[in-house]
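Below is one structure, written out as structure tokens; the observations come after it.
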Amino acid sequence: MNGGIDPVFYGVVCGATLWLALLWAGTRWRVARRHRMLQAGCAAATVVLLFVPCGGMPLWNWAFSFCPNPSLPMLGMVCAALWPRLGGVAVFKPADWRLLIGFGAVTGTVLYLHPFARSGFDLYYWGWHHEVAVWTMAALALAALAFGNRAGVLFLASLIAYELQALESHNGWDYLVDPIFWLICLSLTVVRGARGLLAYRAVRRASRSPFSAPVVRTS
Amino acid sequence: MLKRHRLGFIGVTMLAAWIAAQDSTWGGVVAPAELVAVPRVVRPEAAADAKPVFRQSWVNPARHTPSAHGSAICALPGGDQLAVWYGGSREGAADVALFTARLRPGERDWSPPQKVVDRVMAAEELERVVKKVGNAVVFADRNGLVWMVYVTVTMGGWSGSALNVKTSHDEGRTWSRSRRLTLNPFLNVSSLVRNKPILTTDGRIGLPVYHELAIKYPQMLWLTPAADGTVAEYRIRNLSAETDLIQPTLVPLGGDRVLMLLRDQSDRRQMRAAYSTDNGWTWSEAAAGGLPNPDSAVDALRLGDGRILLVYNDAVRGRENLRLAISADAGRTWQPGPIIESARGKEYSYPCLAEGRDGRIHLTYTWERKRIRHVEFNLAWLGDGSPSREATAQ
């Protein structure tokens, strides 16, 4: 870690995510939802799990060894996916999910795969421009919020986290997208696309006439 | 809830963006100022040193570690030479550590190796998993602060490397805790270092680095030191649209011009050269420079008389020899010089050059993957070297 607030941020994020995951697991096992004892027990288990030494370092260090810069949209997505199973309240509407997943799939594909084109264009380099990063995040947040899309809150959170340098990275793009977020979004996009294609083909097949068209003979 | 508070969120977004845009603590991404001229504080007796001098010694003692590789050397402001290398049971092993040793002016023997960091220390300092440590480079900035940038691997092979920084306020005797640099969007893997940087008058350090995961290309890391000796900020830029070129080495040519020489991993097996006319910010396409390159590291140095000294493996395959070459036309053509090492079936590689305050040239390199060899010579010896002559120890 590089000092500043990033260790605290990482600890809080890790703890909150793990706590939610434990609560979700508890509800899956038919333990009463909103049970105070369950919530307290999971919180205690979270703290213990995070600091269990494994290979000479706490467990949460392992997570951040392999994913050192978790993006804010990914963290938001995880929390938004877990919360309905706990509180029974859906945080995101379908449109919010569509925007978030589409954003992750497209930006990740462009950011991680564009070096293969060897065109000389260096997108990651533009993430070092403070103004470019700030106004990109602000524009994303404003556009989403203007259309009533809740994913905008996550872009706003990215902007605030970037300004506070909450992650180890100082590149603006790392606050918006990370490889795990990208792979999740890409997988969901592919699955949804495949399902859509199959549904479309099924509809077309069903709409076809069961009889062949009459042959018109011309003399 | 969002519908009710939409205007509030929009207001907060605009306020956050406005505050962030006003924040002046973030540096811009602008081209560097002119390069720092290489200080040449040559002692009178050395300047009058017309007698050829050529000495060989060992940086690390025999049997210090079974394997030693990847040395780098730099001239310290106090006059010492500081070398760094990694050693252990074998390259990439868990017991590999980075060691330093110093050579005082006028002395022939290097100090005993001092362990700087191994994977356990790096893991503790970086607060993350470290599988192994690798290449390192040491250099002094214009304020006398000594920097070490080194490679650690968390997952995979060398292409899974990340870069870390240590600094020293006492010329490499003690080092700060390591700091991780985030240089790659994909899990911050595949940033490696090999050669020394250029320094600019605005305080920035232009360190040549390279990327190895999936595609291989050179990059430039611009470090801005803080007043307290830490990294204030850093930026990385891709340099060439060409691939299979790694381990760039930089040579300031005077004025705004910089020469870059590159290790060639393509089938062409030719050392490449690129030029910058804006202090290393933008670069020409890398062209073949007429010398072979058997997929091995090279290093170069601008001499006091303006010529460029190169050390390289003079072969298309294998690293069985190590040779010097001189260019009097900024790296466009090269005159082969003395052979430093040559033995069939052996390896002499990863050379690193530095010029001492007394004007003598210091060269370190991997000797048969077992030890780090040091060679010291002066311009009189170099001027006397004919292409076919093999170096003989004094």
Side-chain angles (χ1 to χ4, degrees), chain A residues 1-3 7 55-58 61-62 64-69 96 108 111-112 115-116 118-135 137-139 141-142 145-146 148-150 152-153 155-156 159-160 162-163 167-171 173-174 177-180 182, chain B residues 1-3 5-10 12-14 16-21 23-29 120 123-131 154-155 162 177 179-189 211 213-215 217 219 222 230-231 233-243:
Chain A
M1 308 301 163
N2 297 331
M57 62 177 61
N61 280 55
W62 283 82
F64 289 104
S65 296
F66 298 99
C67 185
N69 293 292
D96 306 332
L111 184 64
Y112 301 128
F116 288 93
R118 302 308 298 154
S119 61
F121 178 65
D122 184 359
L123 180 61
Y124 193 59
Y125 158 74
W126 286 97
W128 298 113
H129 287 256
H130 182 240
E131 290 80 8
V132 172
V134 163
W135 290 114
M137 289 182 219
L142 286 172
L145 291 170
N149 196 299
R150 295 176 184 199
V153 177
F155 299 135
L156 171 60
L159 172 60
I160 294 168
Y162 172 62
E163 189 53 26
L167 298 180
E168 190 173 66
S169 172
H170 292 181
N171 189 299
W173 302 157
D174 288 326
V177 62
D178 66 77
I180 295 170
W182 170 54
Chain B
M1 187 197 84
L2 185 71
K3 275 186 182 168
H5 301 290
R6 188 192 299 184
L7 281 177
F9 275 114
I10 288 173
V12 169
T13 304
M14 292 177 75
W18 183 79
I19 291 170
D23 189 351
S24 60
T25 56
W26 292 79
V29 183
V120 176
E124 188 270 320
E125 291 177 2
L126 297 166
E127 296 179 47
R128 72 196 71 202
V129 180
V130 173
K131 198 171 134 190
T154 296
M155 53 184 155
R177 284 174 69 87
R179 175 179 171 175
R180 169 62 54 92
L181 303 177
T182 302
L183 303 174
N184 198 295
F186 196 84
L187 302 175
N188 193 28
V189 295
H211 177 98
L213 184 65
I215 46 175
Y217 52 86
Q219 297 175 302
W222 290 97
T230 57
V231 181
E233 59 183 31
Y234 55 92
R235 311 275 186 261
I236 194 162
R237 278 170 70 95
N238 295 342
L239 297 185
S240 169
E242 261 193 281
T243 56

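Basis for what follows: all heavy atoms, side chains included, without hydrogens, waters or symmetry-related copies.
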*asked:* Shorter than 4.5 Å, heavy atoms on both sides: which option in A/Y162, A/W126, A/F116, A/F155 has the most such pairs with chain B?
replied: A/Y162
*asked:* If you count heavy-atom pairs within less than 4.5 Å of chain A, which of B/V189, B/L183, B/N184 leads?
replied: B/N184
*Return the minimal non-hydrogen interatomic distance between A/F64 and B/R128, and the atom names on each side.*
O-NH1, 4.5 Å
*Is the CE atom of B/M14 crowded by more than 12 outside heavy atoms at less than 6.0 Å?*
no
_Top of B/T243, B/V130, B/I236 for chain A proximity - count of heavy-atom pairs under 4.5 angstrom_ = B/I236
*Among B/A123, B/A16, B/P185, B/A21, which residue forms the greatest number of heavy-atom pairs with chain A at distances under 4.5 Å?*
B/P185
_Interface moiety of B/E124 toward chain A, non-hydrogen atoms closer than 4.5 Å_ = neither
_Which portion of A/D174 sits near chain B, non-hydrogen atoms under 4.5 angstrom_ = side chain
*What residue in B/V231, B/L187, B/V12 has the most heavy-atom pairs under 4.5 Å with chain A?*
B/L187
*First locate atom OG1 of B/T182, then atom CG of A/N171, and finally report the distance between them rounded to the nearest 0.5 Å.*
9.0 Å
*What residue, out of A/Y112, A/W173, A/W135, has the most heavy-atom pairs lying under 4.5 Å from chain B?*
A/Y112
*Which value, rounded to the nearest 0.5 Å, describes the distance between A/N149 atom CG and B/R6 atom CZ?*
10.0 Å
*Over all atoms of both residues, closest heavy-atom pair of B/R235 and A/W128*: CD-CB, 3.2 Å
_Show the nearest heavy-atom pair for residues A/L159 and B/A17, with the distance to one decimal._
CD2-N, 3.8 Å
*Between the side chain of B/N238 and the main-chain N/O of A/D122, is any donor-acceptor distance below 3.5 Å?*
no
*Is it the side chain or the backbone of A/P58 that comes within 4.5 Å of chain B heavy atoms, both, or neither?*
neither
*CD-NE2 distance between B/E233 and A/H170, expressed to the nearest 0.5 angstrom*: 9.5 Å
*What distance do B/I19 atom CD1 and A/I160 atom CD1 have between them, rounded to the nearest 0.5 Å?*
9.0 Å
*Closest approach of B/A20 to A/E163 (non-hydrogen atoms, all atoms of both residues)*: CB-OE1, 3.3 Å
*What are the two closest non-hydrogen atoms of B/T154 and A/S65, and how far apart are they?*
CG2-O, 3.7 Å
*Looking at A/F66 and B/V129, what are the two nearest heavy atoms and their distance?*
CE1-CG2, 4.3 Å
*How are the rings of B/F186 and A/W182 set relative to one another: parallel (under 30°), tilted (30 to 60°) or perpendicular (over 60°)?*
perpendicular
*What distance separates A/L156 CG from B/I10 CD1, expressed to the nearest 0.5 Å?*
11.0 Å
_Residue B/A162 versus chain A: region with a heavy atom under 4.5 Å_ = neither
